[in-house]
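All residue numbers refer to positions in the sequence shown, counting from 1.
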Amino acid sequence: MSVVQIIKDCGAKREMVYITYEGQERLVEPYSFRDGGTRFFGWCRMRDEIRGFTTVKISSARPSGNTYSPRFAVEF
């Protein structure tokens, strides 16, 4: 399964996702894709803020097994 599909599946289930972005693992609450799917937006638990991630820089994604209460509309 692709990184994008894993993120979409987690978002649809309100499940946080671990992504590896530029070599660093982050726990993220998924919210949306923008710019034709080239940008992923989610609440980064490490930074404690909404962040935009360039999709091609995400090398892996895996479900965390932990759900979240959305802070914003989830667009999956």
Side-chain angles (χ1 to χ4, degrees):
M1 188 179 300
S2 73
V3 165
V4 169
Q5 193 58 53
I6 292 168
I7 294 169
K8 286 181 178 180
D9 288 352
C10 287
K13 295 186 291 186
R14 308 306 189 259
E15 180 179 358
M16 289 182 278
V17 61
Y18 286 106
I19 63 169
T20 303
Y21 187 74
E22 295 186 321
Q24 186 173 39
E25 187 171 78
R26 298 170 184 241
L27 181 60
V28 179
E29 301 171 8
Y31 287 99
S32 67
F33 282 96
R34 294 279 191 255
D35 300 327
T38 62
R39 302 271 299 157
F40 159 60
F41 288 87
W43 187 269
C44 179
R45 291 291 185 103
M46 183 178 82
R47 301 280 187 192
D48 199 31
E49 65 184 5
I50 193 78
R51 302 288 291 204
F53 302 95
T54 304
T55 307
V56 296
K57 294 181 180 180
I58 301 172
S59 58
S60 68
R62 63 183 170 85
S64 71
N66 299 309
T67 58
Y68 64 97
S69 296
R71 303 161 195 261
F72 311 100
V74 178
E75 300 177 10
F76 299 109

Pairwise side-chain contact, Q24 with M46, heavy-atom cut-off 4.5 Å (strictly under): yes
Sequence neighbours excluded and cut-off under 3.5 Å, please list the side-chain donor-acceptor pairs for residues 4-11, or say none.
unit_1, atom_1, unit_2, atom_2, d
Q5, NE2, D9, OD1, 2.8

A61 versus I19, closest heavy-atom pair with distance: CB-CG2, 4.2 Å
Shortest non-hydrogen separation from V3 to S60 and the atoms involved: CG2-CA, 3.9 Å
Set of salt bridge (Lys or Arg N to Asp or Glu O under 4.0 Å) partners for R71, sequence neighbours left out: E29
Partners passing salt bridge (Lys or Arg N to Asp or Glu O under 4.0 Å) against R34 (at least two apart in sequence or in another chain): E75
Non-neighbouring partners of R14 that pass salt bridge (Lys or Arg N to Asp or Glu O under 4.0 Å), sequence neighbours left out: none
Pairs where residues 50-71 contributes a residue and the test ring-ring contact (aromatic ring centres under 6.0 Å, His included) is met, not counting sequence neighbours: Y21-F53, Y31-Y68, F40-F53
Joint cluster assignment, V56 & M1, ILVMFWY side-chain distance < 4.5 Å: no
Side chain to side chain contact (heavy atoms under 4.5 Å, CB included) involving S64 - partner list, sequence neighbours excluded: E15, M16, Y18, L27, N66
Trace of the side chain to side chain donor-acceptor pair (under 3.5 Å) decision for R39 with T55: CA-CA 5 Å; R39 302 271 299 157; T55 307; over 6 Å; no
Intermediate values then yes/no, side chain to side chain contact (heavy atoms under 4.5 Å, CB included), F33 and T38: CA-CA 7 Å; F33 282 96; T38 62; over 6 Å; no
Closest non-hydrogen atom pair between V17 and P30, with its separation: CG1-CG, 4.0 Å
